[in-house]
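What follows is one structure encoded as structure tokens, with my remarks underneath.
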Amino acid sequence: MYERSLEEYRRACKFLPGGVNSPARAFSSVKENPLFIKKAEGSKVYDIDDNEYIDFIGSWGPMLFGHGQEEVVTAVEEQLEKGTSFGAPTIIETEMAQEIVKLVPSIDRVRMVNSGTEATMSALRLARGYTGRDKVIKFTGNYHGHGDSFLIKAGSGPATLGLPDSPGVPGDLAKLTISVPYNNKEYVEKVFTEQGDEIAAVIIEPVAANMGVVPPKDDFLKFLREITAANNSLLIFDEVITGFRLAPGGAQEYYDTEPDLTCLGKIIGGGLPVGAYGGKQEVMDEVAPVGPVYQAGTLSGNPLAMAAGYQMMKLVQKEGIYEELAEKAGQLVEGLNEIQAEVELPLNINQVGSLVSLYFTDQEVIDYETASTADTDLYADYFQGMLQKGIYLAPSQFEAMFISLAHSEEEIQNTIKAAAEVLKELEQTI
Ligand code: HOZ
């Protein structure tokens, strides 16, 4: 079924570390070899063995409207004719920025970069430059890309591979990152009481989506807003996943809490490499060339990425799309809940908007500690069973399911049916 993918994987391993360009793509934790994808369309991906799958990875988030969205493809094609990169200002950068500023109220000025990692690294440098402080609070199991200051108790690939702290991160730098349990106010308060005047920023995924999906507790984000303001620290929302996924204004609109800085990526590029960070003018004016905090990039604001992103910014303003996304995800979750009631398996489901996680644990998942109680072997079996039935899930218990507008009701029902069969088979094995 996956012969050609296996062949290509073996060849890739001779030239690429682990055969992949990002560890999250390796299927090691689900005891499989990665599929090599040849094309994608709407809600589907197709591998080089000609297998067709309903795709719930969606390129790890950007494909809010499914693959090959018409306006996005046309805009990229048109831009290709004109040139792929100039290393000079273009009008489309301003237009894109203007849309972001319009949609995300906490952003007055935005700087385009090339990835979510670059956005978070740059936002932290800016927070350090602006406050004149060095320490940062992050949350255990949150993943902010692979910048040195963030590979401390990180979720996503590091959690999947059991490498939450990476060698190569200088110990002296790692000491400046204080890792705190997600959703734990007392812990945050304690850190601020002891070291408040040294904290440049608190960075958070406002909905954690790199240890599976974990919503913030009731007023946790508002609490962070208050405690950072009281201590003259900045609040950074890493909205690389949640930006334009939960609402046009992201998680900050969804939870009505404004950060000082916001990091974006994924959806704002419609599948092209892009990232961005932005915030209030007073803070963003510290960035070069206006201010002294240096950050730059040859391909920043790349015209192809901006052309795609601009169309995405227009599309997310269509009436009713977020309701439709949540409804689709709700149908999936309703189906999974029904299965959960029927099978004797430790299962827990989290959903926020179009982000869903099925955890193999009987504990409510509220942070990394509870997420870690999930049985990753059971997830691996579930993943393999679903794959055989044509459902392409993230190859890790600690990643989200991304529902898109391209998923039809029939595909959602087929996914539920497949999950029921796989989970009932799994029940027999434990
Ligand atoms: N943030 C994504 C995983 N949660 C990125 C995928 C990758 O690291 O390749």
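In each ligand, atom 1 is the first atom listed, and ligand 1 is the first ligand listed. Below, each value reflects all heavy atoms present in this structure, side chains not excepted, and no hydrogens, waters or symmetry copies.
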May I ask you to decide whether Lys417 forms a salt bridge with Glu421, counting only side-chain N to carboxylate O separations under 4.0 Å?
-> yes
Carboxylate-amine/guanidinium contact Glu7 Arg10, below 4.0 Å | no
For ligand 1, is any non-hydrogen atom under 4.0 Å from His146's backbone (N, CA, C, O), its side chain (CB onward), both, or neither?
-> neither
Which atoms of ligand 1 have any heavy atom of Glu399 under 4.0 Å away?
-> 3 (C), 4 (N)
When only distance counts, is Ser156 in polar contact with ligand 1, meaning an N/O pair under 3.5 Å?
-> yes
Ligand 1 atoms in contact with Ala24 (distance to a heavy atom under 4.0 Å) = 6 (C), 7 (C), 8 (O), 9 (O)
With atom 8 (O) of ligand 1 as the reference point, say which of Ser59, Ser22, Ala400, Ser115 has the nearest heavy atom.
-> Ser22
Salt-bridge present (Arg225, Glu258; N to O < 4.0 Å) | no
More than 12 heavy atoms of other groups within 6.0 Å of Tyr294 OH | no
Taking N or O atoms only and a 3.5 Å limit, does Asn210 qualify as a polar contact for ligand 1?
-> yes
Salt bridge present between Lys31 and Asp377 (N-O < 4.0 angstrom) | yes
Does one side chain, of Gln295 or Arg125, offer a donor that lies under 3.5 Å from an acceptor on the other?
-> no
When distances are taken from atom 2 (C) of ligand 1, the protein heavy atom at minimum range is Lys266 NZ, 3.4 Å
